[in-house]
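A quick write-up on the structure given underneath.
Everything numeric in this text was worked out from a predicted model, so none of it was measured.
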Amino acid sequence: MEPLFPWLHRICILADRYLCRSHNIQTVEQLTAMHGWLIRFLYQQQDTPVYQRDIEKNFSIPRSTVTTILNRMEGNGMIVRKSVPEDARLKRIVLTEKAISLHHSLEQEHKQFERILTEGLSPDEQTQLRAMLKRMCQNLENFEHKGGHSTC
């Protein structure tokens with residue numbers, strides 16, 4: 001059976017190229033792809049308080065990385081950190097109006113990217129692909145939670 005890794009690696013490279021070429025939003029607003037994903041996540045969670053630990057868990061990235069990302073986004077006027085009355089240590093992460101308007105542009109780009117990726121796939125194949133990708137993510141998360149380490 002043909003190995004998956006070369007194909008996954010190639011998709012990552014091609015996706016990165018596409019996203020780097022897409023629109024001038026990233027350049028003008030100093031956004032990284034991660035900033036875009038985080039804006040999307042926060043936009044979808046607007047009615048629910050989101051804290052740094054929620055971002056760490058949802059994206060499976062360490063606290064120090066999330067802190068760096070949030071500091072940069074705050075500096076660029078994309079988010080604000082709001083104190084929570086019941087616990088002064090907690091800071092709710094909230095999108096600014098600037099980020100909300102950017103979200104709409106980013107969403108259009110994501111839809112276009114998904115159309116390109118899934119061109120020629122039937123709706124059933126797209127459903128199967130989503131299920132397989134979700135399973136692969138779960139497998140990797142389970143591996144990490146069990147303390148698994150790469151053999152590299």
Side-chain angles (χ1 to χ4, degrees), residues 4-119 126 129-150 152:
L4 287 176
F5 185 80
W7 291 107
L8 294 172
H9 184 253
R10 189 166 180 196
I11 287 171
C12 288
I13 290 170
L14 292 170
D16 190 49
R17 273 192 219 151
Y18 174 87
L19 294 171
C20 286
R21 280 190 300 233
S22 67
H23 214 327
N24 287 335
I25 295 170
Q26 286 92 347
T27 305
V28 172
E29 300 299 340
Q30 299 178 337
L31 288 179
T32 66
M34 186 64 211
H35 294 152
W37 289 115
L38 189 51
I39 288 171
R40 184 175 199 225
F41 173 73
L42 292 168
Y43 185 86
Q44 292 171 338
Q45 304 295 321
Q46 286 184 84
D47 297 331
T48 307
V50 175
Y51 305 100
Q52 180 165 334
R53 67 173 180 252
D54 301 317
I55 295 166
E56 294 164 12
K57 182 179 179 186
N58 187 74
F59 291 96
S60 301
I61 51 179
R63 179 181 305 162
S64 59
T65 303
V66 175
T67 298
T68 301
I69 292 167
L70 293 177
N71 286 342
R72 186 167 179 195
M73 290 180 75
E74 189 171 33
N76 289 338
M78 300 294 168
I79 62 155
V80 292
R81 293 174 172 141
K82 294 189 174 185
S83 295
V84 177
E86 57 271 8
D87 189 342
R89 296 170 297 173
L90 286 178
K91 303 286 187 209
R92 183 176 179 190
I93 312 299
V94 180
L95 290 176
T96 62
E97 287 301 318
K98 179 180 178 180
I100 290 171
S101 68
L102 274 174
H103 172 265
H104 299 295
S105 298
L106 292 169
E107 232 7 69
Q108 291 306 312
E109 288 193 29
H110 291 161
K111 287 177 184 176
Q112 174 66 17
F113 182 63
E114 192 168 312
R115 279 192 294 273
I116 292 167
L117 272 177
T118 59
E119 186 177 334
Q126 291 181 39
L129 175 61
R130 282 179 180 81
M132 286 185 268
L133 291 171
K134 186 176 181 178
R135 171 71 67 78
M136 289 175 168
C137 285
Q138 289 169 341
N139 289 345
L140 287 170
E141 288 168 356
N142 290 341
F143 180 75
E144 279 185 348
H145 289 139
K146 292 176 184 173
H149 297 284
S150 170
C152 297

* To do: Give the ring-plane orientation class for F41 versus F59, where under 30° counts as parallel, over 60° as perpendicular and anything between as tilted.
  =>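 Rings of F41 and F59: perpendicular, as their planes differ by over 60°.
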* To do: Measure up the Y43 and H104 rings against each other and bin them: parallel (under 30°), tilted (30 to 60°), perpendicular (over 60°).
  =>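 It falls in the perpendicular class, over 60°.
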* **Exam field: side chain N71 to backbone T68, donor-acceptor pair closer than 3.5 Å** =>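 Absent.
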* **Side-chain (H103) to main-chain (A99) donor-acceptor, under 3.5 angstrom** =>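 No; zero donor-acceptor contacts below 3.5 Å.
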I need the [X] [atom1] to [Y] [atom2] distance, nearest 0.5 Å.
{"X": "W37", "Y": "L42", "atom1": "CH2", "atom2": "CG", "result": "14.0 Å"}
{"X": "C137", "Y": "N142", "atom1": "SG", "atom2": "CG", "result": "11.0 Å"}
{"X": "N76", "Y": "H35", "atom1": "CG", "atom2": "NE2", "result": "7.0 Å"}
{"X": "E114", "Y": "K111", "atom1": "CD", "atom2": "NZ", "result": "10.0 Å"}
{"X": "I116", "Y": "E119", "atom1": "CD1", "atom2": "CD", "result": "8.0 Å"}
{"X": "L38", "Y": "L95", "atom1": "CG", "atom2": "CG", "result": "7.5 Å"}

Can you establish whether the number of heavy atoms outside [X] located under 6.0 Å from its atom [atom1] is more than 12?
{"X": "R115", "atom1": "CZ", "answer": "yes"}
{"X": "E97", "atom1": "CD", "answer": "no"}
{"X": "Q46", "atom1": "CD", "answer": "yes"}

* **Matching residue for R53 among N58, L90, V66 - test: side chain to side chain contact (heavy atoms under 4.5 Å, CB included)** =>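 Filter result, single survivor: L90.
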* For a salt bridge (charged side-chain N to carboxylate O under 4.0 Å, His left out) with E74, tell me which candidate from K82, K91, R81 qualifies. =>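 Answer to the salt bridge (charged side-chain N to carboxylate O under 4.0 Å, His left out) test with E74 among K82, K91, R81: R81.
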* Asked: Less than 4.5 Å apart, any side-chain heavy atom of D54 and any of Q45?
  ->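 No, their side chains stay 4.5 Å or more apart.
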* To do: Taking the side chain as every heavy atom from C-beta outward, state whether M136 and L4 have any pair of such atoms under 4.5 Å apart.
  =>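 Result yes, sub-4.5 Å side-chain heavy-atom pair found.
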* So, Q52 and E56: side-chain donor and acceptor under 3.5 Å apart, yes or no? ->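 Q52 vs E56: donor-acceptor pair found between side chains.
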* Take R130 and K134 through the side-chain contact (heavy atoms from CB on, under 4.5 Å) test and state the conclusion after the steps. => CA-CA 6 Å; R130 282 179 180 81; K134 186 176 181 178; over 6 Å; no
* Report the C-alpha distance between I55 and I69 in whole Å, list the side-chain angles of each, state the deciding distance to 0.1 Å, and finish with yes or no for side-chain contact (heavy atoms from CB on, under 4.5 Å). => CA-CA 11 Å; I55 295 166; I69 292 167; over 6 Å; no
* Asked: Do you know which two heavy atoms are closest between R92 and P49, and how far apart they sit?
  ->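 What the structure gives for the nearest pair is NE-CA, 3.4 Å.
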